[in-house]
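Encoded as structure tokens, the structure appears first; notes follow it.
Letters A, B, ... mirror the listed sequences (proteins, then strands); counts begin at 1. Note that these values count all heavy atoms, side chains included, but never hydrogens, waters or copies made by symmetry.
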Amino acid sequence: MKRTHHCNELRPEHAGQSVTLSGWVHSRRDLGGVLFIDVRDREGRTQTVFDPSDLSAELFEAATHLHSESVVEISGKVRLRPGETENAKIATGMVEVMVQSMTVLNAADVLPFPVDDPEIAAKVNEELRLQYRYLDLRRPELMRNIRLRSRIATAARVHMEAQGFLEIETPTLFKSTPEGAREFLVPSRVHPGEFYALPQSPQQYKQILMASGVEKYFQLARCYRDEDLRADRQPEFTQVDIEASFFEREDIYALIEGLLKRIWKVALDQEIQTPFKRISFEEAMNRFGIDKPDARFGMEIVDMTDDFKESQFKVFSGVVGKGGVVKALNAKGLACVTQGQMETMTNFAISHGAKGLAYIKVENGEWKSPIVKFFSEAEKEALKSKLAIEEGDLILFAADQWLTACEILGRIRLYAADVLKQQGKLVIDPSVFEFLWVIEFPLLAFDKEMNRWYSSHHPFTAPVAEDVDFLVSDPKRVRGQHYDIVVNGVELGGGSIRIHQPDVQRAVFKDVLQLDDETIKSRFGYMLEAFRYGCPPHGGIALGFDRLIALLCGTESIRDVIAFPKTAKGTDLMAQSPAPVEARQLRDLHIQTRVPQKKESAPVEKEA
RNA sequence: GGGGGCGUAGCUCAAUCGGUUAGAGCGCUGCCCUGUCACGGCAGAGGUUGCGGGUUCGAGUCCCGUCGCUCCCGCCA
């Protein structure tokens, strides 16, 4: 390699040295007689000076016509910049390189979009940026994210290694499992008509590793789910996957708190406070209306059930009579809500099955509301004191079954906070991270359409010991040994202590989830078998690595922390995948495709 | 599967109620310029308004369809 220094290295003490820089033409300033080219590499940039009196006409001419992002190797002498021409904006701004020779390693065409101006580049259509991802990645903002990702991966490995964990790779070609996310399938050539599935997570393999006596396993595991995407979801993503034997919940909490403490230190040089607060699922729903609370601001949900159980307002008292609840939320300072915003919030309520959204606007000392006339003095007083109502507030109500009422106000709380943020009435310090353990989830949830219970986490989650007896008799009462780690309203990860007794696991599959014997045997037989031959109690957790990095980079979309992300429809705009394959490949795989004909857009018949 | 937003020059955007030859900045090309660093100056090129159809004397603008990107709901054990 001819390069002697990188582009963020030269300082006044290098003056007089002959150096060679390699990098990209970041910018060119041609003053006619003298030409400046800033050479940029991963580390930074350095100004080089082309003086025609020192250089051949050919070289000077070539430099004059270089496009941005051409790759060059430049040799020359470092010197202090002449008086008054230092540039304080860049780290190498005290010096410059007087060019003696230049090799153009790759002459770039005119670019499809600018990469040198951060403000413009950040606004360029993402479609174009994904098509030319290699250009997008050259932008310092994106490169910084990718470098941080690498440093955090290393920090995680160092931490886990120090805690005695072994990094073990598990197969990417797995088998289909009946529960959970839709899977990507891979046809087998050797076994006609049979398929592998890409793992949604290495869950079953890591439990088998516990049966194998590994005791402590971790992996930066690639996972695949064929579900519709969001800003924080990709079809392929990475988890910090962890499993340990003889661990109880407290051991997991301590391990993860230590890991995150180290990561925050490495990434942001920030000391986070441990242990993290813990909140039960029930309390999270009661206070925040969601199982991943954003606890950085107040506006908590308040229970008004007792205050309205005898109310003249039948909409409330009727619900309470049927075992429901009355909940309220004070959107502080949002009495100025627009009709459109009110409609959005009402639609949240309606989409959860409510009839509408009751509210009180507090304006000019008055309670403006279609329902307040039905309230007694005592009821108004209860609202006033429990919700700390003041001028300018907006009070929103949900009267429904417990979970529904909580969820409605949970959605509205987050929406109201967004509106207040936009108005500048709610300010959240971006450097604050509110970590929470959410615990004591119900083990099971009921699927009304399918008329059966399903695992709210996954079917390997162990019930809380004292609830085991109710597994069949009263499933909804059973709590799982499940925990989620949540920060600022983002679910960073989750896990559980697992079932390690074959009889309990079989009972969950068969008696609770109502899987038939054949399915249990074919899908989980090897696990049940492994549990019979000396399987230690164990548990684990998986952290969403992409979300973690996005959080530390301060970006909304995980596409900004993944080198080659896919679009919302799961395509790669650069490589143009997915794509059709040769008929021969399909034949080898014993596959025939049946794609419905795309309907032609029929022209509308013109009337005579 | 459902709903919202977007699509005009290479890029970012404008174009009044449907009305003249679709404009601007940046970039690009050429010329000028010896201390710039968002260099500056002069001139110029560059458009299937995503695509297809319809309404209309006339469509970037209105309607229908379609494609792509994006956000949300469902979904994601």
Side-chain angles (χ1 to χ4, degrees), chain A residues 26-38 45-53 65 67-68 81-90 92-93 96 109-132 135 177-183 200-201 203-204 223-235 237 340 344 347-348 350-352 411 415 441 443-445 447 449 453-461 480 482 491 494 496 508 513 542 544 556-557 559 566-569 571 573 598-607:
Chain A
H26 185 74
S27 62
R28 181 168 46 90
R29 293 173 296 282
D30 184 353
L31 276 64
V34 65
L35 170 67
F36 299 98
I37 287 181
D38 281 5
R45 58 188 226 239
T46 302
Q47 174 166 284
T48 65
V49 188
F50 292 70
D51 185 334
S53 57
H65 290 98
H67 284 154
S68 284
R81 292 198 187 191
E84 306 298 310
T85 67
E86 298 91 353
N87 183 359
K89 289 182 197 163
I90 57 175
T92 59
E96 59 193 9
D109 279 349
V110 176
L111 303 172
F113 62 88
V115 303
D116 58 334
D117 185 325
E119 285 193 21
I120 293 174
K123 282 167 69 181
V124 171
N125 193 350
E126 192 170 9
E127 196 173 346
L128 197 68
R129 290 172 27 208
L130 288 173
Q131 187 185 339
Y132 298 96
L135 294 180
T177 48
E179 304 234 338
R182 187 182 302 118
E183 297 154 321
Q200 307 165 36
S201 78
Q203 182 63 37
Q204 291 167 60
C223 308
Y224 307 86
R225 292 177 191 175
D226 189 7
E227 296 288 352
D228 289 340
L229 304 182
R230 290 282 193 285
D232 62 352
R233 283 190 224 155
Q234 284 272 303
F237 60 99
T344 302
N347 285 339
F348 288 151
I350 289 171
S351 69
H352 277 88
R411 283 295 303 276
Y415 177 77
F441 285 81
L443 184 71
L444 299 156
D447 183 333
E449 280 173 31
W453 292 93
Y454 64 94
S455 304
S456 49
H457 181 48
H458 61 48
F460 315 113
T461 302
H482 170 191
E491 184 190 329
S496 60
V508 168
L513 302 178
E556 296 283 315
S557 166
R559 291 189 298 274
K566 301 234 178 338
T567 68
K569 287 241 169 73
T571 62
L573 293 177
K598 277 198 180 162
K599 59 179 175 197
E600 297 294 322
S601 49
V604 179
E605 288 290 323
K606 203 172 180 177
E607 287 184 24

How many whole angstroms separate atom [atom1] of [X] from atom [atom2] of [N]?
{"X": "His67(A)", "N": "G10(B)", "atom1": "NE2", "atom2": "P", "answer": "16 Å"}
{"X": "Arg129(A)", "N": "G7(B)", "atom1": "CZ", "atom2": "P", "answer": "17 Å"}
{"X": "Asp116(A)", "N": "U36(B)", "atom1": "CG", "atom2": "C1'", "answer": "15 Å"}
{"X": "Lys566(A)", "N": "U70(B)", "atom1": "NZ", "atom2": "P", "answer": "13 Å"}
{"X": "Leu31(A)", "N": "G41(B)", "atom1": "CG", "atom2": "C1'", "answer": "12 Å"}
{"X": "Leu130(A)", "N": "U70(B)", "atom1": "CG", "atom2": "C1'", "answer": "11 Å"}
{"X": "Asp51(A)", "N": "U36(B)", "atom1": "CG", "atom2": "C1'", "answer": "14 Å"}
{"X": "Arg225(A)", "N": "C75(B)", "atom1": "CZ", "atom2": "P", "answer": "15 Å"}

Of the options [options], whose atoms approach the side-chain atoms of [X] most closely?
{"X": "Asn125(A)", "options": "C75(B), C76(B), U12(B)", "answer": "U12(B)"}
{"X": "Val124(A)", "options": "C33(B), C11(B), C37(B)", "answer": "C11(B)"}
{"X": "Arg81(A)", "options": "G74(B), C37(B), U12(B)", "answer": "C37(B)"}
{"X": "Ala568(A)", "options": "U70(B), C11(B), C39(B)", "answer": "U70(B)"}

Any [X] side-chain N or O less than 4.0 Å from OP1/OP2 of [N]:
{"X": "His26(A)", "N": "U36(B)", "answer": "no"}
{"X": "Arg559(A)", "N": "C71(B)", "answer": "yes"}
{"X": "Ser351(A)", "N": "C73(B)", "answer": "no"}
{"X": "Thr571(A)", "N": "C69(B)", "answer": "yes"}
{"X": "Lys123(A)", "N": "C13(B)", "answer": "no"}

What does [N] pair with, Watson-Crick or G-U, if both distances are under 3.5 Å?
{"N": "A38(B)", "result": "none"}
{"N": "U66(B)", "result": "G50(B)"}
{"N": "C13(B)", "result": "G23(B)"}

> What's the verdict on side chain to side chain contact (heavy atoms under 4.5 Å, CB included) for Leu31(A) and Phe36(A), showing C-alpha distance, side-chain angles and the deciding distance?
Replying inline: CA-CA 8 Å; Leu31(A) 276 64; Phe36(A) 299 98; 4.2 Å; yes
> Tell me, do Leu35(A) and Arg28(A) make a side-chain contact under 4.5 Å, heavy atoms counted?
Replying inline: yes
> Taking C-beta and beyond as the side chain, do Thr177(A) and Gln204(A) meet within less than 4.5 Å on heavy atoms?
Replying inline: yes
> How long is the span from the CZ atom in Arg81(A) to the CD atom in Gln47(A), to the nearest 0.5 Å?
Replying inline: 4.0 Å
Mind checking [X] for me? I need base, sugar-phosphate or nothing, with any heavy atom below 4.0 Å counting as a touch.
{"X": "Glu126(A)", "value": "sugar-phosphate"}
{"X": "Thr85(A)", "value": "base"}
{"X": "Leu128(A)", "value": "sugar-phosphate"}
{"X": "Gln203(A)", "value": "base"}
{"X": "Glu96(A)", "value": "base"}
{"X": "Leu573(A)", "value": "sugar-phosphate"}
{"X": "Pro459(A)", "value": "base"}
{"X": "Thr177(A)", "value": "nothing"}
{"X": "Ser27(A)", "value": "nothing"}

Do [X] and [N] have a side chain to base donor-acceptor pair shorter than 3.5 Å?
{"X": "Arg233(A)", "N": "C75(B)", "value": "yes"}
{"X": "Glu127(A)", "N": "U70(B)", "value": "no"}
{"X": "Arg230(A)", "N": "U70(B)", "value": "no"}

Distance check, [atom1] atoms only: [N] and [M], in whole angstrom units.
{"N": "G65(B)", "M": "U12(B)", "atom1": "P", "answer": "28 Å"}
{"N": "C76(B)", "M": "G5(B)", "atom1": "P", "answer": "28 Å"}
{"N": "C11(B)", "M": "G50(B)", "atom1": "P", "answer": "13 Å"}
{"N": "C13(B)", "M": "G47(B)", "atom1": "C1'", "answer": "15 Å"}
{"N": "G52(B)", "M": "C26(B)", "atom1": "C1'", "answer": "33 Å"}
{"N": "U66(B)", "M": "C72(B)", "atom1": "C1'", "answer": "23 Å"}
{"N": "G58(B)", "M": "C17(B)", "atom1": "C1'", "answer": "14 Å"}
{"N": "G27(B)", "M": "C67(B)", "atom1": "C1'", "answer": "28 Å"}

> Where each residue is assigned the nucleotide of RNA chain B containing its nearest heavy atom, which of Glu86(A) and Ala181(A) is assigned the position nearer the 5′ end?
Replying inline: Glu86(A)
>> Here's a test of your reading of the structure: between Arg411(A) and Lys569(A), which maps to the more 5' nucleotide of RNA chain B?
In response: Lys569(A)
Quick check: does any side chain N or O of [X] sit under 3.5 Å from a backbone N or O of [Y], one acting as donor and the other as acceptor?
{"X": "Ser27(A)", "Y": "Ser68(A)", "answer": "no"}
{"X": "Gln234(A)", "Y": "Leu229(A)", "answer": "no"}
{"X": "Ser456(A)", "Y": "Leu443(A)", "answer": "yes"}

> Does Phe113(A) stack onto the base of C11(B), taking stacking as ring centres under 5.5 Å apart and planes under 30° apart?
Replying inline: no
>> Taking the basic N atoms (NZ, or NE/NH1/NH2) and the acidic carboxylate oxygens, is any pair closer than 4.0 Å for Arg233(A) and Asp228(A)?
In response: no
>> Students often mix this up, so state it plainly: with edges at 30° and 60°, are the rings of Tyr415(A) and Phe348(A) parallel, tilted or perpendicular?
In response: perpendicular
